Amino acid sequence: MPLKATERDVYNFFSQAGKVRDVKLIMDRNSRRSKGVGYVEFVDSMSVPMAIAMSGHLFLGQPIMVKPSEAEKNLVQSTASAGGGTGVAGPYGAADRKLYVGNLHFNMTEYQLRQIFEAFGPVELVQLPTDPETGHCKGFGFVQFLQIEHAKASLSLNGKLEIAGRTIKVSSVTDHIGAQDSGVKTADFDDDDGGGLSLNAQSRAMLMAKLDRSGTASSVVGPIGIPAMNGSAPSQQATLLPSQFISMPPEPIGIPSECLLLKNMFDPATEADPEFDLDIKDDVHEECSKYGRVKHIYVDKNSAGYVYLRFESIEAASGAQQAMHKRWFARKMISAIFLQAYEYDAKFKGAA
């Protein structure tokens, strides 16, 4: 910390992360001047990761380094050992399932952030610190999943998803605690540009292949609505997040049967190849065959991205429905619903 910083300065700075209970600066025993080191105690333990995320931010004109105290590290370790007390996280505690999300637009809301990450699995908690004066997001937040595998899967968004002109950063809170203890640079643990996962050529290729299948490899561009400032609207055009992130009532998936309809698989208006349906047919067939034999498949080129499938059994169709529903494909979220056999027969005579 800056040597000139007082306890009041430290208190005010860290109040951005949460309510501060106590501040103690370490003073030189001879000169009684600050050594540039201190401790901050919060009322709520959930404020600690937010404070750690402020590492690298300017404090009185000087970048500050924030690390967990021994007490906080012991708390993280004991929480992980106890499984967080939720029962659904197995041997992993809340800290292992919690992610830091940086470089967010100032108009991002907790609800919008939750909708983005729920594509990977149930979200238990979303925290989005806001500026007390403007009420706007400070550019970073935290997302906690119910299952650790869902948290790990969502790390694939790191540096790959663009929202309102900003490429978000996603990382594990516990990874950064360990990184700071080992002296690793903490530049990635802020809301500035740059940083991200360190990948070699092989792991990067594997990651990109996985992202291509999920549809998140391509940027999702959609500026968040910008409110009027000082009573007048800004000059730039105000739009919203992509429609898949806007609240919509869930679509009924229907009664399980051997027939499926995949929606929103493509947009015919954006397809340049006249035989684009053949590629989609092959991709869907390859993916859905993992769950059982596909007896019939049809890509409706003139629809809103409709792909019809008929499986050999209801079990196979149900497995594919669970795997494909709300999955990403080519920047679009797929909807997978059941069709009854008579509906399928009426559309495709002789496709039994």
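The structure presented is a predicted model; accordingly, all values stated were derived computationally and were not measured.
Listed for the D283 side chain is no donor-acceptor partner under 3.5 Å among the backbone atoms of I280. Side chain of D28 to main chain of R33: no donor-acceptor pair is present (N/O by atom type, distance under 3.5 Å, no hydrogens or angles). Between the side chain of S154 and the backbone N or O of A151 there is at least one donor-acceptor pair closer than 3.5 Å. Within the 3.5 Å criterion, the main-chain N or O of C259 finds no donor-acceptor partner in the side chain of R310. Q321 places a side-chain N or O within donor-acceptor distance of the main-chain N or O of A336, the cut-off being under 3.5 Å. Under a 3.5 Å cut-off, the side chain of Q16 and the backbone N or O of F13 do form a donor-acceptor pair. Under a 3.5 Å cut-off, the side chain of S257 and the backbone N or O of F338 do not form any donor-acceptor pair. Checked by atom type and distance alone, the side chain of K24 never pairs as donor or acceptor with a backbone atom of E41 at under 3.5 Å.
Within the 4.5 Å cutoff, the side chain of Q127 has heavy atoms near those of the K98 side chain. Proximity of I116 to I163: side-chain heavy atoms (C-beta onward) are separated by under 4.5 Å at one or more points. Here the side chains of D279 and F266 are not in contact, with every heavy-atom distance at 4.5 Å or above. The closest side-chain heavy-atom distance from S335 to N264 is not below 4.5 Å. Between Y39 and D22 the shortest side-chain heavy-atom distance does not fall below 4.5 Å. A heavy-atom distance below 4.5 Å is found between the side chains of L261 and Y306.
Taking CG of N103 as the reference point, atom CG of N158 lies at 10.5 Å (rounded to 0.5 Å). Annotation: the span from R327 atom CZ to I334 atom CD1 amounts to 6.5 Å, rounded to 0.5 Å. With values rounded to the nearest 0.5 angstrom, L161 atom CG is found 4.5 Å from I168 atom CD1. Here CE of M324 is found 5.0 Å from CE of M265. Values are rounded to the nearest 0.5 Å. Atom NZ of K169 and atom CG of L155 lie 14.0 Å apart (nearest 0.5 Å). Taken from OG in S34 to CD in E7, the straight-line distance is 9.5 Å, to the nearest 0.5 Å.
Closest approach of K295 to E312, counting heavy atoms only: CD-CA, 3.5 Å. Contact record, M1 with V10: SD-CG2, 3.7 Å, taken as the closest heavy-atom pair. Closest of all the heavy-atom pairs between P2 and L60 is CG-CB, 3.9 Å. The minimum heavy-atom distance between E258 and A341, with the atom names listed, is OE2-CB, 3.9 Å. Shown here for A320 and L260, the closest heavy-atom pair between the two residues is CB-CD1, 3.9 Å. Of all the heavy atoms in F311 and A316, the pair that sits closest is CD2-CB, 3.8 Å.
Looking at T109, L113, V101 one by one, the single match for side chain to side chain contact (heavy atoms under 4.5 Å, CB included) with V126 turns out to be L113.
By the 6.0 Å and 45° rule, R114 does not stack over the aromatic ring of Y111.
There is no side-chain donor-acceptor pair under 3.5 Å between S15 and N12.
Hydrophobic cluster membership is shared by F348 and L339, with clusters built from Ile, Leu, Val, Met, Phe, Trp and Tyr side chains linked at under 4.5 angstrom. Linking Ile, Leu, Val, Met, Phe, Trp and Tyr whenever their side-chain heavy atoms come within less than 4.5 Å puts F59 and Y11 in one cluster. Taking hydrophobic clusters as Ile, Leu, Val, Met, Phe, Trp and Tyr residues chained together by side-chain heavy-atom distances below 4.5 Å, M27 shares a cluster with V40. Placement of I337 and Y291 in two distinct hydrophobic clusters is found when ILVMFWY residues are connected by side-chain heavy-atom separations under 4.5 Å, directly or transitively.
The aromatic rings of Y298 and Y308 lie tilted to each other, with the angle between the two planes from 30° to 60°. Below 30°, between 30° and 60°, or above 60°: for F142 and F140 the angle between ring planes is above 60°, a perpendicular geometry.
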Run the side-chain contact (heavy atoms from CB on, under 4.5 Å) check on K301 and F276 step by step: do they pass? CA-CA 8 Å; K301 296 173 63 174; F276 72 90; 4.0 Å; yes

Quick one: do V66 and F14 satisfy side-chain contact (heavy atoms from CB on, under 4.5 Å)? Show the steps, please. CA-CA 10 Å; V66 186; F14 282 100; 3.9 Å; yes

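Of the charged side-chain nitrogens involved, none lies within less than 4.0 Å of a carboxylate oxygen, so that K263 and D300 do not count as a salt-bridged pair.
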